[in-house]
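Working notes for the structure below.
Below, chains carry the letters A, B, ... as their sequence lines are ordered, and counting in each starts from 1.
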Protein chains: 2
Amino acid sequence: IIQLEAISKIYEIGDIKVPALNGVDMEIDEGEYVSIMGPSGSGKSTLMNLIGCLDTPTSGTYLLTSENVGEMTDNELADIRNRRIGFVFQTFNLLPRANAFHNVELPLIYAGMSKDDRQEKVEYALEKVGLQDRMKHKPNELSGGQRQRVAVARALVNDPSLLLADEPTGNLDSATSYEIMDLFGKLHSSGNTIVLVTHEEDIAAYSHRVVRLLDGRISSDEKQEPR
Amino acid sequence: IIQLEAISKIYEIGDIKVPALNGVDMEIDEGEYVSIMGPSGSGKSTLMNLIGCLDTPTSGTYLLTSENVGEMTDNELADIRNRRIGFVFQTFNLLPRANAFHNVELPLIYAGMSKDDRQEKVEYALEKVGLQDRMKHKPNELSGGQRQRVAVARALVNDPSLLLADEPTGNLDSATSYEIMDLFGKLHSSGNTIVLVTHEEDIAAYSHRVVRLLDGRISSDEKQEPR
Ligand SMILES: Nc1ncnc2c1ncn2[C@@H]1O[C@H](COP(=O)(O)OP(=O)(O)OP(=O)(O)O)[C@@H](O)[C@H]1O
Ligand SMILES: Nc1ncnc2c1ncn2[C@@H]1O[C@H](COP(=O)(O)OP(=O)(O)OP(=O)(O)O)[C@@H](O)[C@H]1O
Ligand SMILES: [Mg+2]
Ligand SMILES: [Mg+2]
C-alpha cells in the first residue's frame, strides 16, 4: 500500500538547509501494523507527513496503492487525505473555535454524510475515547490529554483504511493510553493499516513491526511478536 | 514555600459547571522535589496553573512563601511569575514568530539583564537541552520534542527557585528525557524546589515524593527514595 523509494526531505530556512530525511526506503503492505521510533528530531513526523500526503519529498518516489503521489493533483491528494487516511497529529491540530463534537464531525462532513448519521458516529467515537461528557467543550476548555483524545476520535470516526498516528499517547496516563491502543487494535483487526510514531516502548509493543529512524535514515526495521 | 488549603477550582462554560479541583490540601517545603501524577483530566494542569499564579482558585487559600496569593495585586503576581518561577507548559506556549533564541531570552529581558549576559545565558541553556544547532529556528521549524526542549530551556534560563514542569518529557524519547531529568536534578541539588507533572513512572521516579490526583482530589501523597 505504501512504497517509499530514496525519499529525502530538506527544509530550507533562508539559506540554511536542514536535512530531515536522507534517503529512506520503506514498504508497508495493506493490513500491517508498524511503529516508527527514534530520537527527538530524527525525522519521524516529517516521514508521517509525507506518507499522509501533507507534504512532498525533496526527492524520491512515493507510491500509494501503486499510484505515484508525486504526480497527483491537489484535488486528488485532498480526496485521499479526507476519505482514506485518518491522521492523529503530534500537535492535535484541532479547530480552536469548534467544540469537541464539531472537531470530530469534520471528516464526515467532507465525506458528505447525512446529519443523523454524523450525530451517531461522532457520539460513538467520543464515547470510545471516554469523552462523552466533554462534547460541548472547546479545545481550550479541555485538558491536554483530552485534546489528544479528541484528535484520536476525529482520526477514527470515518473508519479509515490507513491510520497515521503521530505520538497519540504522549499526554496520556497508562490506563488511558491502553484504552486508545485497544481502539487501534480493533481497527487493525478489521483489516486496516496502522502506522504509529511513538517514543514509548510499551506502546510500540502493540505493533507487529518496528522501524527505527536515526538522523533521517532507517537504522533498523524488524518484525516482532505484538503484545 | 507552597501551602494550599481547601483549594477548589470550578470552570464554567455557559451554565455548565466543571469541577476540576475539589478540596486540595498540600504543602511543599523549600528544596523539595515533588511529582504530581493522575489520570488524564484529573486536575494536574489546573493545580499547576494555580501554584504558578497563572490562575486563581474558586475557593481556598494559597500561601506562597507565607504570603497570601489571593491578596496580591496583578503586578505582584507578574513579578513572582517572572523572577522566581520557571514554568514548562504542557502545550509549550512558545511565541510562534520568535526563534528559539528569542523565546528562551524572554525571561531575562523581563529581569532587566544586559544583552551580553543574556547572549551567554541563552546559548548555555539551549546547549544544555541539545539545541545549539537550532537557535534560529522558529517553533514551526522545529520537531515536537525540540519545541518542548525550547520550553524547558526557557524555564531554566533564569535559575528559578521554583520550577513547575507540566509533562516536560511527553514528546521526548527516553535518552533525551533522561538528559532533561539530569538538568532538573542539578537545579534541585542547588537547593531549588521542583514540582513536576508526569504520567511516566520512570520520570516520576526521579522525584522524592509522589502526589496522586483522582477526580480533582489528592488520592495519595507519599515520600519515596529517588532513582
Ligand atoms: N478552561 C476550561 N473550561 C472548562 N473545563 C476545563 C477547562 N480546563 C480544564 N477543564 C476541565 O477540567 C478537568 C481538569 O483539567 P486539567 O487540564 O487540569 O487535567 P489534567 O490532569 O492536566 O489532564 P491531562 O493529563 O489530560 O493533561 C478536565 O476534565 C477538563 O475537561
Ligand atoms: N519546517 C521546518 N523547517 C526547518 N526544519 C525543520 C522543519 N520541521 C522540522 N525541521 C527539522 O527537521 C528535523 C526532523 O523533524 P521531525 O519533526 O520530523 O522530527 P521528529 O522525529 O518528529 O522529532 P520529535 O520526536 O521531537 O517529534 C528536526 O531536526 C527539525 O529541527
Ligand atoms: Mg515529531
Ligand atoms: Mg494536563
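- Of all residues in residues 5-25 of chain A, those placing a non-hydrogen atom less than 4.5 angstrom from a non-hydrogen atom of chain B are A:Ile13, A:Val18.
- Of all heavy-atom pairs spanning B:Gln90 and A:Asn171, the tightest one is NE2-OD1, 2.8 Å.
- The interface of residues 39-54 of chain B with chain A, defined by heavy-atom distances below 4.5 Å, comprises B:Pro39, B:Ser40, B:Gly41.
- Contacts of residues 128-138 of chain B with chain A at a heavy-atom distance below 4.5 Å involve B:Arg134, B:His137, listed in sequence order.
- Interface residue B:Glu200: only side-chain heavy atoms are found under 4.5 Å from chain A.
- Using non-hydrogen atoms only and a strict 4.5 Å limit, no part of residues 202-227 of chain B faces chain A.
- Remark: B:Glu123 CD is packed, more than 12 non-hydrogen atoms of other residues, nucleotides or ligands lying under 6.0 Å away.
- Environment of CG in B:Asn140: crowded, with over 12 heavy atoms of neighbouring residues, nucleotides or ligands closer than 6.0 Å.
- Residue contact with chain B, scored on non-hydrogen atoms closer than 4.5 Å, is absent for A:Gln148.
- Heavy-atom distances place the backbone of A:Thr169, and not its side chain, under 4.5 Å from chain B.
- At distances below 3.5 Å, at least one donor-acceptor pair connects side-chain atoms of A:His199 with backbone N or O atoms of B:Gly170.
- Of all non-hydrogen atoms in B:Thr91 and A:Arg147, the two that sit nearest each other are CG2-NH2, 3.2 Å.
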